[in-house]
Amino acid sequence: MALIPKKVKHRKHHRGDLSGRSKGGTAFNFGTFGLKATTNGWLTTKQIEAARRAMTRYVQRGGKVWIRIFADKPVTSHGAVMGGGKGGVDYFVSVVKKGRIIFEMDGVTEDQAKEAMRLASHKLPVKTIFIVKE
């Protein structure tokens, strides 16, 4: 399952700034349990999918998982030789800043959700915490 955009406004993006806190997506919208980022970073489509698989495999068809981020930023790369301009689009990333909820889960016990989120967090390059809706 490739989580890439069907269409992009601009083919190549600037790298951008990774400092500061998340502007939105910091409150629960769907589930009771969540995985919240405590550091800033880029999450690739492969990392998001690996984390999702780790969670769904642990809960075994129980509960529901919501992915609250989408990788829509293109990252380019080209050879080590200088010149030749900017390379072609290699993969897509999602910019995640601290405070952002990455995944939400419902329909499972708190212990199950905590363990599933722990397994998912090992697949991600940002530090995370497990949170529960009040």
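Quick caveat, the model's predicted, so the values are computed rather than measured.
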Exercise for the section: Determine, stepwise, if the pair Trp42 / Val95 fulfils side-chain contact (heavy atoms from CB on, under 4.5 Å). Expected result: CA-CA 5 Å; Trp42 282 358; Val95 177; 3.8 Å; yes

Exercise for the section: Report yes if the side chains of Leu124 and Leu43 come closer than 4.5 Å at any heavy-atom pair, otherwise no. Expected result: yes

Exercise for the section: Would you please test Val75 and Thr44 for side-chain contact (heavy atoms from CB on, under 4.5 Å) and show each step? Expected result: CA-CA 10 Å; Val75 176; Thr44 68; over 6 Å; no

Problem - Under the side chain to side chain donor-acceptor pair (under 3.5 Å) test, residues paired with Thr32 that sit two or more places apart - result: Asp106

Exercise for the section: Would you confirm whether Gln112, through its side chain, and Thr109, through its main-chain N or O, come within 3.5 Å as a donor-acceptor pair? Expected result: yes

Exercise for the section: Find out whether Phe92 and Val8 are in side-chain contact, i.e. whether some heavy atom of one side chain is under 4.5 Å from a heavy atom of the other. Expected result: yes

Handout entry: Whether His78 side chain and Gly84 backbone form a donor-acceptor pair below 3.5 Å
Key = no

Fill in the blank from the handout: Val126 and Ala37 have their tightest heavy-atom pair at CG2-CB, 4.4 Å

Exercise for the section: Give the cluster check for Ile67 versus Phe28: same hydrophobic cluster or not, with ILVMFWY residues linked at side-chain heavy-atom distances below 4.5 Å. Expected result: no

Completion exercise
dist Leu119:CG -> Arg53:CZ (nearest 0.5 Å) comes out at 15.0 Å

Problem - Close side-chain approach of Phe103 and Trp66, heavy atoms under 4.5 Å - result: no

Handout entry: Atom NZ of Lys23 with >12 non-hydrogen neighbours under 6.0 angstrom
Key = no

Fill in the blank from the handout: Between the NZ atom in Lys7 and the CD1 atom in Ile4, the distance rounded to the nearest 0.5 Å is 15.0 Å

Practice task
Using a cut-off of 6.0 Å, state whether more than 12 heavy atoms not belonging to Lys12 lie near its atom NZ.
Solution key: yes

Handout entry: Test item: Met117 and Met105 side chains (from C-beta on) under 4.5 Å apart, heavy atoms
Key = yes

Handout entry: Stepwise side-chain contact (heavy atoms from CB on, under 4.5 Å) check, Arg52 with Ile48
Key = CA-CA 6 Å; Arg52 185 199 64 81; Ile48 297 165; 5.6 Å; no

Practice task
Compare all side-chain heavy atoms of Phe30 with those of Arg68 and state whether any distance is below 4.5 angstrom.
Solution key: yes

Can you list, pair by pair, the side-chain donor-acceptor contacts under 3.5 Å of residues 15-22, counting residues two or more places apart and other chains?
from, atom 1, to, atom 2, distance (Å)
Asp17, OD1, Ser19, N, 3.4
Asp17, OD1, Ser19, OG, 3.2
Asp17, OD2, Ser19, OG, 2.9
Ser22, OG, Gly24, O, 2.6

Problem - Over all atoms of both residues, closest heavy-atom pair of Ala71 and Pro5 - result: O-CD, 3.5 Å

Fill in the blank from the handout: Here the pair of heavy atoms bringing Val65 nearest to Met55 is CG1-CE, 3.7 Å

Fill in the blank from the handout: Here the gap from Ile129 atom CD1 to Ile101 atom CD1, rounded to the nearest 0.5 Å, amounts to 9.5 Å

Handout entry: Heavy-atom side-chain contact between Ile102 and Thr128 under 4.5 Å
Key = yes

Exercise for the section: Given side-chain contact (heavy atoms from CB on, under 4.5 Å), test Phe33 with Glu110 step by step and report yes or no. Expected result: CA-CA 8 Å; Phe33 310 107; Glu110 188 172 337; 3.7 Å; yes

Handout entry: Contact summary for Val108 and Ala113, nearest pair of heavy atoms
Key = CG2-CB, 3.8 Å

Exercise for the section: Quick one: closest heavy-atom pair of Ala120 and Leu35, and the distance? Expected result: CB-CD2, 4.5 Å

Exercise for the section: Any chance you could measure Lys98, atom NZ, to Thr39, atom OG1, to the nearest 0.5 Å? Expected result: 8.0 Å

Practice task
Report yes if the side chains of Thr45 and Tyr91 come closer than 4.5 Å at any heavy-atom pair, otherwise no.
Solution key: no

Handout entry: His14 atom NE2, neighbour heavy-atom count above 12 within 6.0 Å
Key = no

Problem - Sub-4.5 Å side-chain heavy-atom contact between Val93 and Lys73 - result: yes

Handout entry: Inter- and intrachain pairs under salt bridge (charged side-chain N to carboxylate O under 4.0 Å, His left out), touching residues 112-131, at least two apart
Key = Glu115-Arg118

